[in-house]
Protein chains: 2
Amino acid sequence: MFKLSRMADYGVVVLSRMARQPGELVTAVEMAQRTGLPQPTVAKTLKLLTRGGLIASHRGVQGGYSLERAPEQVTVTEIITALDGPVALTACVEGSDDNCAVESLCPIRGHWERVNEAVKGALDAVTLADLTSAQEDAAINFGRPRAAKAAAPADA
Amino acid sequence: MFKLSRMADYGVVVLSRMARQPGELVTAVEMAQRTGLPQPTVAKTLKLLTRGGLIASHRGVQGGYSLERAPEQVTVTEIITALDGPVALTACVEGSDDNCAVESLCPIRGHWERVNEAVKGALDAVTLADLTSAQEDAAINFGRPRAAKAAAPADA
DNA sequence: TCAAATCAGGACCGCAATCGTCCTGTTTCG
DNA sequence: CGAAACAGGACGATTGCGGTCCTGATTTGA
C-alpha cells in the first residue's frame, strides 16, 4: 500500500547526487555513471525533473543539467509531483477521467480531500536537504528490486 | 501517485453502509445488493475486513457480518491496513522482501520513515464516522471506473 | 557552414501487481 | 441431515508502470 513509484525513488537518488555539487553541470550519461542506474531511465528522470522546474537543463555540446535551487527549497511533494503527477490519495479526488461517474453526489469526496491535504502537508515538510543530509559518502543505490545484476560501473 | 487500491475504496463503501445500522447482521449478498457492487468482490472485502478485526462474522444459516465497533473507533489506517497491508510509503521501509539490497547502509531510509509516520498519523486522524457523517441518504457508489452498466438493483 | 554533442518529446513493448471471479471446504441452524 | 452462509485459496484477465529506443531540436566549436 502506498508504495511511491520507482520514478520518485530515482528522482530522490538523482537529486541527492546533484545536491552534492549544486550548480555543477552534469550530463545524463554522467549522472547514470555516478548513480549506477541505467542511462535511459536516468535520462527520463532528468527530463521529468526539468519539466517540473526542479532542475535546469542546458543543451548543446557543453550542456547538461544543474540543480539551481537550494536543496532546502525542494520539497518531497515537488519531486513526487514532477515524476508521478499530483499527490492524490483517491482516484475520486482528481476526477480527471471517468473514474467517478457519480462524482457530484459522492459525499465522501470532501472528506478524502481532507486526508489528502494532511498527507500533502506531511510531504511538504520534508525537503531534499533532509534526505541528503547524512549520505554524503554513502553509496546511493537503493530501491532497485532485482536488477542488481551486472555490477554497477562503479564510477568507471 | 498514491492512489489507494480499489479494495480500500470498497472497504469504505461497505463499512459506511454498515455504519448506518451498527450491530445489524447482514449477509454478503445482501451487502452487495445494498451497495450495488458485485457480490464476489463484496464477499472478498468482507472477509478481509473480518480478518482485520473491523467487523465480526457469524456463520450458519442466520449468519452474516456486523459492525461491532463504533464508527468513531475505526480509523482509515485500519481499513487500509486490513485490505491492502501496512501503510508504508516506500518499498524501502518495510524491508520485507529483497526490495532493498543495501538496506543497512541506505541513509535515506530513516528519513522516509519520518514521512511515513506523518502520513500514517494523518490517516489515523480520520475515522469511519468522519467518512460517513454526511452520506446518510446519498447513494453510495463511487469508485467504479467503468462498470456502471446494469443499473444497481436499488435495494431490490 | 558543418558536424558533434546533448537535451526534448514521444512511441513502444514487456512485466508485474492488482482486480475480479470462482471453487472447495467448514460451520451453524432448522 | 440438508441448506445457508462464511473461510480460504487458486486462477485468469487487465491495467498501469517501468524501461528502452527513436527522431527531432538546439547549441557549441572547428
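Protein chains get the first letters and strands the later ones, always in sequence-line order, with residue 1 at the start of each.
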Verify the contact: side-chain N or O of B:Ser57 to OP1 or OP2 of D:dA5, cut-off strictly under 4.0 Å; return yes or no.
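B:Ser57 to D:dA5 OP1/OP2: no side-chain N or O under 4.0 Å.
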A:Tyr65 side-chain N/O to C:dT6 phosphate OP1/OP2 under 4.0 Å:
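Answer no for this pair, as no side-chain N or O of A:Tyr65 is under 4.0 Å from OP1 or OP2.
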Using whole Å, report how far [atom1] of [X] lies from [atom2] of [N].
{"X": "A:Glu30", "N": "C:dA5", "atom1": "CD", "atom2": "P", "result": "14 Å"}
{"X": "B:Leu83", "N": "C:dC19", "atom1": "CG", "atom2": "C1'", "result": "13 Å"}
{"X": "A:Arg6", "N": "D:dG18", "atom1": "CZ", "atom2": "C1'", "result": "7 Å"}
{"X": "A:Leu25", "N": "D:dT28", "atom1": "CG", "atom2": "P", "result": "11 Å"}
{"X": "B:Asp84", "N": "C:dT18", "atom1": "CG", "atom2": "P", "result": "8 Å"}
{"X": "A:His58", "N": "D:dT28", "atom1": "NE2", "atom2": "P", "result": "10 Å"}
{"X": "B:Met7", "N": "C:dT18", "atom1": "CE", "atom2": "P", "result": "11 Å"}

What's the separation between atom [atom1] in [X] and atom [atom2] in [Y], rounded to the nearest 0.5 Å?
{"X": "B:Arg34", "Y": "B:Arg20", "atom1": "CZ", "atom2": "CZ", "result": "8.0 Å"}
{"X": "B:Met7", "Y": "B:Thr45", "atom1": "CE", "atom2": "OG1", "result": "4.5 Å"}
{"X": "A:Thr27", "Y": "A:Gln39", "atom1": "OG1", "atom2": "CD", "result": "8.5 Å"}
{"X": "B:Thr75", "Y": "B:Leu123", "atom1": "OG1", "atom2": "CG", "result": "8.0 Å"}
{"X": "B:Glu24", "Y": "B:Met18", "atom1": "CD", "atom2": "CE", "result": "8.5 Å"}
{"X": "B:Leu25", "Y": "B:Leu67", "atom1": "CG", "atom2": "CG", "result": "11.5 Å"}

Using the 3.5 Å cut-off, write out each protein N or O paired with an N or O of nucleotides 26-30 of chain C and the distance between them.
| residue | atom | partner | partner atom | Å |
| --- | --- | --- | --- | --- |
| C:dT27 | O4' | B:Arg59 | NH1 | 2.6 |

Show the atom names and distances, to 0.1 Å, of all donor-acceptor pairs under 3.5 Å that link a side chain in residues 50-65 of chain B to residues at least two apart or in another chain.
| residue | atom | partner | partner atom | Å |
| --- | --- | --- | --- | --- |
| B:Thr50 | OG1 | B:Leu46 | O | 2.8 |

Mind running a 4.0 Å heavy-atom check of residues 41-52 of chain A against DNA chain D and sending the residues that fall below it, in number order?
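Residues of residues 41-52 of chain A under 4.0 Å from DNA chain D: A:Thr41, A:Lys44.
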Looking only at side-chain atoms of B:Pro40, point me to the closest of C:dT21, D:dA5, C:dC7.
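In terms of side-chain proximity for B:Pro40, the closest of C:dT21, D:dA5, C:dC7 is C:dT21.
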Please give me the minimum heavy-atom distance between A:Ala32 and A:Pro38, naming the atom from each residue.
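Minimum heavy-atom contact is CB-C, 4.3 Å.
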Could you report the tightest heavy-atom contact between A:Gln73 and A:Glu78, atom names first, then the distance?
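The answer is O-OE1, 3.4 Å.
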Identify, between B:Gly63 and A:Gln39, the residue whose nearest nucleotide on DNA chain D lies closer to the 5' end.
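This one resolves to B:Gly63.
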